[in-house]
Amino acid sequence: MEKDFDFRQIGKRMPYKTPEGFFDEMETNIWKEVQNELSQTHKRKAYRLRIFAGAVAASIALLLVFSPLSHKEQTDSLSRVEQAFANLSQEDQAYMLAVYQEDLFMNE
């Protein structure tokens, strides 16, 4: 084995080659897939949230319609719902109204 080995004689030539712009294209493709996955995840979460909000709204509607309360008790109950809605933040109120307006069963 040779004892006088010198790394400076090897040089700095890369043994691997890639086409021009390969890494830029790969980065662009990865970002597209990440954004696509994020949008799909967002859509699934929004869909689940709409289903949940619709179920809650339907439950409340059923309770209000079919409850055996007197008219006065129903009025008091409705005022409590209105008060609870008034206690929500502006963003939450806007979201609840948007979900209500997008409800397929309420708008048919």
Side-chain angles (χ1 to χ4, degrees):
M1 187 163 147
E2 188 176 325
K3 293 183 179 183
D4 295 328
F5 184 78
D6 188 9
F7 279 105
R8 288 176 281 184
Q9 292 178 348
I10 294 176
K12 297 183 180 183
R13 190 177 71 100
M14 285 293 294
Y16 307 106
K17 293 183 181 182
T18 59
E20 189 68 33
F22 174 78
F23 292 110
D24 292 331
E25 183 180 339
M26 182 169 40
E27 180 182 7
T28 303
N29 291 339
I30 289 171
W31 278 116
K32 284 180 185 176
E33 288 298 321
V34 167
Q35 289 172 346
N36 185 28
E37 185 64 31
L38 287 175
S39 69
Q40 292 297 326
T41 302
H42 177 70
K43 287 178 185 176
R44 284 192 295 266
K45 285 182 180 179
Y47 178 73
R48 289 180 191 149
L49 188 57
R50 284 188 183 131
I51 294 291
F52 179 73
V56 169
S59 299
I60 291 172
L62 285 173
L63 286 174
L64 291 176
V65 170
F66 294 112
S67 68
L69 301 174
S70 69
H71 181 68
K72 171 125 176 72
E73 291 172 338
Q74 286 181 350
T75 304
D76 291 341
S77 177
L78 186 57
S79 67
R80 285 186 283 170
V81 170
E82 289 175 351
Q83 179 63 36
F85 182 78
N87 289 338
L88 294 174
S89 68
Q90 292 286 45
E91 294 86 5
D92 290 340
Q93 287 180 357
Y95 175 74
M96 292 295 284
L97 289 173
V99 168
Y100 173 77
Q101 290 170 347
E102 292 176 3
D103 189 2
L104 295 175
F105 300 107
M106 301 279 290
N107 295 324
E108 285 186 327

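- Between Gln83 and Asn87, the side chains place a donor N or O and an acceptor N or O closer than 3.5 Å (distance only, hydrogens not considered).
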Worked verdict on Leu62 versus Ser59 for side chain to side chain contact (heavy atoms under 4.5 Å, CB included)
CA-CA 5 Å; Leu62 285 173; Ser59 299; 5.8 Å; no

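- When side chains are defined from C-beta on, Trp31 counts as touching Glu27, because their heavy atoms get closer than 4.5 Å.
- Surrounding CD of Gln90 are at most 12 heavy atoms belonging to other residues, nucleotides or ligands under 6.0 Å away.
- Note: Thr18 OG1 to Glu25 CD = 11.0 Å, rounded to the nearest 0.5 Å.
- Using a cut-off of 4.0 Å between Lys/Arg side-chain N and Asp/Glu carboxylate O, Glu37 and Lys43 are scored as not salt-bridged.
- Side-chain heavy atoms closer than 4.5 Å link hydrophobic residues (I, L, V, M, F, W, Y) into clusters, and following such links, even through other members, never connects Tyr47 to Leu38.
- For Glu91, there are no salt bridge (charged side-chain N to carboxylate O under 4.0 Å, His left out) partners at least two apart in sequence or on another chain.
- Looking at Phe23 and Thr28, their side chains never come closer than 4.5 Å, going by heavy atoms from C-beta outward.
- In this structure, CD in Gln35 is found 10.0 Å from CD in Glu33, a value given to the nearest 0.5 Å.
- Between Val99 and Phe52, every side-chain heavy-atom pair lies at or beyond the 4.5 Å cut-off.
- By the rule that hydrophobic residues join a cluster once side-chain heavy atoms approach within less than 4.5 Å of another member, Ile51 and Tyr100 end up as members of separate clusters.
- Interatomic distance, Leu78 CG to Ile60 CD1, rounded to the nearest 0.5 Å: 11.0 Å.
- Minimum heavy-atom separation, Met96 to Phe85: CB-CE1, 4.1 Å.
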